[in-house]
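Everything on this sheet refers to the single structure shown next.
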Amino acid sequence: MTQSVVVQVGQCGNQVGCRFWDLALREHAAVNKKGIYDEALSSFFRNVDTRSGGDGPDIYKGKICSLKARALLIDMEEGVVNEILQGPLRDVFDSKQLITDVSGSGNNWAVGHKLYGYQYQENIVEKLRKTAEHCDCLQCFFIIHSMGGGTGSGLGTFVLNLLEDEFPEVYRFVTSVYPSGEDDVITSPYNSVLAMKELNEHADCVLPIENESLFDIVNKIHQMINSGKLGSTVKQNSLVTSSAGGAKIVQEKPFDAMNNIVANLLLNLTSSARFEGSLNMDLNEISMNLVPFPRLHYLVSSLTPLYTLADVNVPSRRLDQMFSDAFSREHQLIQADPKHSLYLACALLVRGNVQVSDLRRNIERLKPSLHFVSWNQEGWKTGLCSVPPVGHSHSLLALANNTCVKPTFIELRDRFMKLYKKKAHLHHYLHIDGMEQSCFSEAISSLSDLIEEYNELDATKSGPRTDPSRLKIAV
């Protein structure tokens with residue numbers, strides 16, 4: 001069994017990470033009734049003997065003694081990490097796996113990347129190595145961060161570079177939360193574009209998330225539940241926004257519902273690595289099958305269903321609706337419409353009581369309405385995990401390598417150029433050692449090159465797909 005390590009950087013990264021660990025424990029508790037430390041738990045948790053005090057030896061078999069997350073928590077402000085350490089999850093984190101400062105990065109990528117990056121480099125590398133040493137077969141690092149602030153974007157991408165240098169063979173999956181147009185951080189376009197250059201060059205896969213999309217999904221769920229249109233009771237613990245069944249939270253925070261969606265994305269993404277299934281999909285298979293060109297590694301994600309009704313069985317019609325929803329604009333975790341853009345490849349990770357025949361039937365049903373590149377018309381990767389998420393009988397995570405990410409990048413470039421043309425706020429960045437104006441010109445050039453690569457692909461898009469004539473072989 002393989003293991004993965006989560007590196008959560010900055011305020012957003014740590015808040016999302018906190019929700020991930022809470023819901024991961026909820027998911028394993030629902031399956032692991034006997035409290036035995038098994039291979040599924042070992043993928044994200046160590047079992048530590050803490051009876052002698054301190055960080056005792058790992059226990060590989062038998063009863064759960066004390067679970068410790070395979071995680072590194074980094075923030076240049078103490079607030080969020082201190083909240084976690086005083087909250088219900090405090091025992092899940094090893095105090096040796098925390099790196100904090102007091103002054104923050106002041107919404108400045110250069111402070112996070114150039115200043116704190118080099119200041120904390122040795123400390124970060126040492127803690128990453130220590131975490132890796134506890135793994136038998138380390139397969140993947142998950143970085144969770146935001147793009148708009150200083151620590152998440154700057155230090156987060158610095159850590160990404162370190163991971164490539166120190167662990168070149170280990171996959172680097174990055175969950176990046178992109179700012180919305182109405183963001184309250186004026187310098188977020190600078191921070192995001194500077195971070196994008198690093199993501200282009202050093203990540204294996206990036207899962208872009210937009211705050212606006214998360215907000216829309218949360219509102220949609222609330223409207224559906226409160227309108228009475230559903231005509232049935234919704235299982236509270238089935239909502240992708242729900243914390244029900246997790247650790248006892250005194251008061252749910254404003255962003256918890258949005259962060260729970262991202263946490264559920266990561267749980268579904270790793271479900272095949274943690275649980276049995278008739279068609280397992282490993283994390284390395286996602287990168288291998290969905291990323292045909294090294295820079296085009298941005299995967300648009302969607303989750304369905306958003307909730308489950310308590311008193312409804314699952315007829316095939318409802319199952320088919322789940323597949324249709326995964327390709328609709330409203331279920332994407334960025335503001336994008338994959339159906340009207342070009343697919344390079346698509347992965348469907350299905351959990352629960354779903355048969356391979358259901359999977360194939362729905363792919364054949366949806367194929368005619370989707371545009372795939374001419375050289376990869378059969379670009380589907382599928383995974384079936386038998387364990388559904390808590391509160392569901394089945395669920396689907398769709399990952400699309402699709403040109404629909406392009407508008408997000410174009411909007412980001414436009415917002416960057418509005419500031420950059422006036423050289424507004426540049427002095428805040430340029431007074432940091434190692435930060436030069438060429439960093440900005442290289443970053444915007446990198447983003448423009450990426451957009452152009454998507455443009456070239458879009459130019460090849462024709463009408464709805466037609467099956468190529470197959471070679472007939474005489475027998």
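As the structure is a computational prediction, the values presented were derived from the model and not from experiment. Here, residue 1 is the first one in the sequence, and each next residue gets the next number.
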L366 vs S324, test: side-chain contact (heavy atoms from CB on, under 4.5 Å). Steps then yes/no. CA-CA 8 Å; L366 291 162; S324 298; 4.3 Å; yes
Go through it in stages, so that I can follow the logic: the residues are S287 and D204, the test is side-chain hydrogen bond (donor to acceptor under 3.5 Å, both in side chains), and I'd like the CA-CA distance, side-chain angles, deciding distance and then a yes or no. CA-CA 7 Å; S287 177; D204 288 307; 4.9 Å; no
Can you find a pair of side-chain heavy atoms, one from L457 and one from L296, that are under 4.5 Å apart? yes
Given side-chain hydrogen bond (donor to acceptor under 3.5 Å, both in side chains), test R274 with H28 step by step and report yes or no. CA-CA 10 Å; R274 294 180 292 129; H28 283 282; 3.0 Å; yes
Taking T304 for its side chain and M322 for its backbone only, find out whether a donor-acceptor pair lies under 3.5 Å. yes
Roughly how far apart are K127 NZ and K96 NZ, rounded to 0.5 Å? 9.5 Å
Please check if the number of heavy atoms outside M288 that lie under 6.0 Å from its CE is greater than 12. no
Side-chain contact test, heavy atoms from C-beta onward, threshold under 4.5 Å: evaluate it for C205 versus V291 and give yes or no. yes
Decide yes or no for L333 and I217: does some side-chain heavy atom of the first lie under 4.5 Å from some side-chain heavy atom of the second? yes
Does the ring center of F173 lie less than 6.0 Å from the ring center of H297? no
Before accepting this row, confirm whether a basic side-chain N of the pair R19/D22 lies closer than 4.0 Å to the acidic partner's carboxylate O. yes
Go through Y190 and N107 one step at a time and tell me if the side-chain hydrogen bond (donor to acceptor under 3.5 Å, both in side chains) criterion holds. CA-CA 10 Å; Y190 282 164; N107 298 143; over 6 Å; no
Please tell me if the side chains of H145 and S176 come closer than 4.5 Å, counting only heavy atoms from C-beta onward. yes
Side-chain contact test, heavy atoms from C-beta onward, threshold under 4.5 Å: evaluate it for E411 versus Y178 and give yes or no. no
For the pair S271 (side chain) and N268 (backbone), establish whether a donor and an acceptor sit closer than 3.5 Å, ignoring hydrogens and angles. yes
Check step by step if side-chain contact (heavy atoms from CB on, under 4.5 Å) holds for S272 and N280. CA-CA 5 Å; S272 266; N280 266 18; 3.9 Å; yes
Pairwise distance NE2(H113) to CG(N161) - rounded to 0.5 angstrom: 5.0 Å
Look up atom CG in L299 and atom CG in L344, then write down how far apart they are to the nearest 0.5 Å. 10.0 Å
Using a 4.5 Å cut-off on heavy atoms from C-beta on, say whether the side chain of D414 contacts that of K418. no
salt_bridge(E126, K130) N-O dist < 4.0 Å: no
Can you see which heavy atom on L283 is nearest to which on C140, and at what distance? CD1-CB, 3.8 Å
Take N362 and D320, measure what side-chain contact (heavy atoms from CB on, under 4.5 Å) needs, and give me the verdict at the end. CA-CA 7 Å; N362 277 286; D320 290 358; 3.0 Å; yes
Are W375 and F293, when compared by the centres of their aromatic rings, separated by less than 6.0 Å? yes
A quick test of your reading: do over 12 heavy atoms of other residues, nucleotides or ligands sit less than 6.0 Å from CD of E276? no
Hey, are the side chains of P179 and V185 touching, using non-hydrogen atoms and a 4.5 Å cut-off? no
Using a 3.5 Å distance criterion without hydrogens, assess whether the side chain of T151 forms a donor-acceptor pair with backbone atoms of G10. no
Using 30° and 60° as the class boundaries, would you call the ring planes of Y343 and F372 parallel, tilted or perpendicular? parallel
Testing the basics here: between S180 and E212, what is the closest heavy-atom pair and its distance to 0.1 Å? CB-OE1, 3.6 Å
Looking at L396, L397, L279, which hits side-chain contact (heavy atoms from CB on, under 4.5 Å) with L349? L397
Before giving the answer on salt bridge (Lys or Arg N to Asp or Glu O under 4.0 Å), spell out for D94 and K68 the whole-Å C-alpha distance, their side-chain angles and the decisive distance to 0.1 Å. CA-CA 6 Å; D94 180 351; K68 297 290 182 189; over 6 Å; no
Return the minimal non-hydrogen interatomic distance between A132 and L138, and the atom names on each side. CB-CD2, 3.7 Å
Indicate the atoms forming the closest heavy-atom contact of E166 with R129, along with that distance. OE1-NH2, 2.8 Å
Decide side-chain contact (heavy atoms from CB on, under 4.5 Å) for D433 and K114; before the verdict, give the C-alpha distance in whole Å, the side-chain angles of both, and the deciding distance to 0.1 Å. CA-CA 7 Å; D433 277 351; K114 302 285 186 183; over 6 Å; no
Whether over 12 other heavy atoms sit under 6.0 Å from D165 CG: yes
Is any side-chain heavy atom of D216 closer than 4.5 Å to a side-chain heavy atom of K220? no
Any donor-acceptor pair under 3.5 Å from Q3 side chain to C137 backbone: yes
Hey, could you give me the CD/CD distance between E83 and Q15, rounded to the nearest 0.5 Å? 7.5 Å
Take atom CD1 in I186; do more than 12 heavy atoms of anything else shown fall under 6.0 Å from it? no
Between F141 and F167, what is the ring plane arrangement, given parallel below 30°, perpendicular above 60°, and tilted in between? tilted
In terms of side-chain heavy atoms, does Q97 have a donor or acceptor partner in T131 at a distance below 3.5 Å? yes
Assess the residue pair H202 and T157 against the criterion (side-chain hydrogen bond (donor to acceptor under 3.5 Å, both in side chains)); give the C-alpha distance rounded to whole Å, side-chain angles, the decisive distance to 0.1 Å, and a yes or no. CA-CA 9 Å; H202 304 291; T157 51; over 6 Å; no
Please name the pair of heavy atoms, one in Q8 and one in V6, separated by the smallest distance, quoted to 0.1 Å. OE1-CG1, 3.8 Å
Are there over 12 heavy-atom neighbours, none belonging to R365, within less than 6.0 Å of that residue's CZ? yes
About how many Å separate CZ of F323 and OG of S328, when rounded to the nearest 0.5 Å? 14.0 Å
Heavy-atom nearest pair, N191 first then G150, reads ND2-N, 4.5 Å
Rounded at 0.5 Å granularity, tell me how far CG in N82 sits from OG1 in T100. 6.5 Å
Within the distance-only criterion (no hydrogens, no angle test), does the side chain of S43 pair as donor or acceptor with the backbone N or O of T2 below 3.5 angstrom? no
Polar side-chain atom of S192 near backbone of P189 as donor-acceptor pair, under 3.5 Å: no
Would you check if the distance from the ring center of Y120 to the ring center of F158 is below 6.0 Å? no
Positive for side-chain contact (heavy atoms from CB on, under 4.5 Å) with R413, one of V193, T408, L447: L447
Measure from the side-chain N and O atoms of Y116 to the backbone N and O of G104, and report whether any donor-acceptor pair falls under 3.5 Å. yes
Backbone N or O of F275 within a donor-acceptor pair of the E39 side chain at under 3.5 Å? no
Worked verdict on F142 versus F20 for ring pair (Phe, Tyr, Trp, His ring centres under 6.0 Å): CA-CA 12 Å; F142 287 97; F20 168 76; 7.6 Å; no
Donor on one side chain, acceptor on other, N402 and Y454, under 3.5 Å: no
